[in-house]
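Written below as structure tokens is the structure these notes are about.
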Amino acid sequence: MSPETSSLQNLIDDALAETPPGHCVWVALSGGLDSSLLLTLAVEACRRHPRPLRAVHVHHGLQAAADDFEQHCRALCAALAVPLHVERVSVDTATGEGLEGAARRARQQAFARRLAAGDTLWLAQHRDDQAETFLLAALRGAGVRGLAAMPGSQARAGLQHQRPLLGTSRAALEAEAARRGIDWVEDPTNQDTRQDRNFLRHRIVPLLRERWPAAGRSLARSAAWAGEAETLLGELAAEDLTRLGGCAERLRLADLWQLSASRRRLLIRHCLALQALPLPPAGRLESLLEQLEARQDAGVCVQWPGAEARVWRGSLYLLAPRPALPSGWRAAWQGQSPLVTPLGEFGMMLAHCSGEAVELVLTPRAGGERLRLARRGQRDLKRLLQEWDIPPWERRRCWVVWCAERVVAVGHPDGWLALAEGWRAP
């Protein structure tokens, strides 16, 4: 056994030890060199240390060779006696993330659908991938989080992601695959130097290695140092959040302004990460902070793909986008079936206390509605929403239930807000 082979086996065994007994290890199998070798090594490790093992292949359908990738994966899994699950996805390129980012998001969604809680997903990125990711982040002007590139292990969307090969070079993987006689498929788009990563891989990194032969190892080491710094910054942000009340969705501006500008930026990014929301571009974050300083209790709203920040009543809210009810929406309802709205279906019901059948109509708020409450009499809905501390963007998501031209209930995707006198929720 060669030293390289022994080292790879140790890496795989160490990764396997982090998977709790009884839970499944999944290999993200693209069909390329890295993932084909990783699956082969995983099979051997799971024989030495029994664990359930499966492979998942994401079929993007972005190129003519996609079917060839799938067929290779099926053949490899059949030869290794590993169950394979193929996830077909549609890549939405209209999100502003670019093709690579949109494809990455589609893959993550596919993994989340297929894997069970507690399972571990193995990804086949290696040291050269890490060096390229570090360079790309540096060229984009990324901060510490971006320069940390890819962690060897991380929890994401309830799943544990591991990269057992992250400390191994592409050359070492090629040598091991050749020694074992492993076949793989080459993605033809990997030669397209119009893509930034490919340009670095084929044009820039070879020049760096001519001058500095250990460039790949050194860049990956710098990414590791950035990762350690990112961990420490995360601990600092967690301490700040605890001191400010512990609510990642809502930060009091008075507390936020007690921090330095750097810690404010750090805390906002930390709160977004805790909610699994995308981080804002640097310019958008600076715009938010400038608006907060100029208009601390105004209707500030700063948006970016997948998230938004709003200010209301002296607090900063960090949220996923909240769709509102269409202004012209109207629906008939009998009150005894799930409530269907453009914001989704909700299992709420409504009935008159007399038990008589009723015909109800649902509409969005239009303004001027009044509701008769038990022991409080007639109340203006606008004032009630203010009294209940419902933020303005959530008020646009409320529906009003009418019976014979009278408002009898006010609902929201989270549940009923109020029922008129004489009505009940069965």
Is it true that, when you exclude [X] itself, more than 12 heavy atoms of the residues, nucleotides or ligands shown sit nearer than 6.0 Å to its [atom1]?
| X | atom1 | result |
| --- | --- | --- |
| Arg322 | CZ | yes |
| Arg48 | CZ | yes |
| Asp196 | CG | no |
| Arg406 | CZ | no |
| Trp329 | CH2 | yes |

Worked check of side chain to side chain contact (heavy atoms under 4.5 Å, CB included) between Val58 and Phe111: CA-CA 8 Å; Val58 178; Phe111 296 147; 3.6 Å; yes

Does one side chain, of [X] or [Y], offer a donor that lies under 3.5 Å from an acceptor on the other?
| X | Y | result |
| --- | --- | --- |
| His412 | Glu394 | yes |
| Glu18 | Gln160 | no |
| Thr193 | Arg201 | no |
| Gln291 | Ser287 | yes |

Are any of the side-chain heavy atoms of [X] and [Y] separated by less than 4.5 Å?
| X | Y | answer |
| --- | --- | --- |
| Thr231 | Glu235 | yes |
| Gln191 | Asn198 | no |
| Lys382 | Arg395 | no |
| Asp34 | Asp129 | yes |
| Cys77 | Leu39 | yes |
| Leu385 | Leu417 | yes |
| Arg252 | Gln258 | no |
| Phe134 | Leu147 | yes |

What's the separation between atom [atom1] in [X] and atom [atom2] in [Y], rounded to the nearest 0.5 Å?
| X | Y | atom1 | atom2 | result |
| --- | --- | --- | --- | --- |
| Ile268 | Leu289 | CD1 | CG | 4.5 Å |
| Leu219 | Thr133 | CG | OG1 | 11.0 Å |
| Thr168 | Leu8 | OG1 | CG | 5.0 Å |
| Glu290 | Leu292 | CD | CG | 10.0 Å |
| Arg264 | Leu316 | CZ | CG | 11.5 Å |
| Leu123 | His161 | CG | NE2 | 6.5 Å |

By the ring pair (Phe, Tyr, Trp, His ring centres under 6.0 Å) test, which pairs, at least two apart or in different chains, include something from residues 21-45?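 Applying ring pair (Phe, Tyr, Trp, His ring centres under 6.0 Å) to every pair that reaches into residues 21-45, excluding sequence neighbours, yields Trp26-His85.
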
Item to complete: For salt bridge (charged side-chain N to carboxylate O under 4.0 Å, His left out), just list the numbers for Asp119 and Arg54, CA-CA rounded to whole Å, side-chain angles, deciding distance to a tenth of an Å, and then say yes or no.
Response: CA-CA 11 Å; Asp119 287 351; Arg54 293 182 173 84; over 6 Å; no

Which of Pro164, Cys46, Ser7 passes side chain to side chain contact (heavy atoms under 4.5 Å, CB included) with Ile12? It is Pro164

[X] side chain vs [Y] backbone, donor-acceptor pair below 3.5 Å:
| X | Y | answer |
| --- | --- | --- |
| Glu87 | Arg107 | no |
| Arg397 | Pro323 | yes |
| Gln154 | Gln162 | no |
| Ser35 | Ser30 | yes |
| His57 | Leu29 | yes |

As a quick check of understanding, evaluate side chain to side chain contact (heavy atoms under 4.5 Å, CB included) for Leu339 and Leu362, giving each step before the final call. CA-CA 10 Å; Leu339 183 59; Leu362 279 64; 2.9 Å; yes

For Trp184, the ring pair (Phe, Tyr, Trp, His ring centres under 6.0 Å) test, sequence neighbours excluded, returns none

Residues in ring pair (Phe, Tyr, Trp, His ring centres under 6.0 Å) contact with Tyr317, at least two apart in sequence or another chain: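 Only Trp393 meet the ring pair (Phe, Tyr, Trp, His ring centres under 6.0 Å) criterion with Tyr317.
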
**Message:** Show, in sequence, the C-alpha distance, side-chain angles and deciding distance for Glu421 and Arg376, and conclude whether the salt bridge (charged side-chain N to carboxylate O under 4.0 Å, His left out) test is met.
**Reply:** CA-CA 9 Å; Glu421 186 176 25; Arg376 295 193 61 187; over 6 Å; no

**Prompt:** Does a salt bridge link Glu174 with Arg170, judged by any charged N lying under 4.0 Å from a carboxylate O?
**Reply:** yes

Does the salt bridge (charged side-chain N to carboxylate O under 4.0 Å, His left out) test come out yes or no for Arg88 and Glu70, once each step is laid out?
-> CA-CA 10 Å; Arg88 294 179 177 269; Glu70 179 184 337; 2.8 Å; yes

For residues 138-149, the side chain to side chain donor-acceptor pair (under 3.5 Å) pairs (sequence neighbours left out) are Arg145-Glu230

Which pairs of donor and acceptor atoms, one on a side chain in residues 270-284, lie under 3.5 Å apart (sequence neighbours left out)?
unit_1	atom_1	unit_2	atom_2	d
Gln275	NE2	Ala248	O	3.1
Gln275	NE2	Cys271	O	3.4
Gln275	NE2	Leu318	O	3.3
Arg284	NH1	Gln303	O	2.2

Test of understanding: with salt bridge (charged side-chain N to carboxylate O under 4.0 Å, His left out), list the residues that count as partners of Arg424, not counting sequence neighbours.
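Arg424: no salt bridge (charged side-chain N to carboxylate O under 4.0 Å, His left out) contacts found.
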
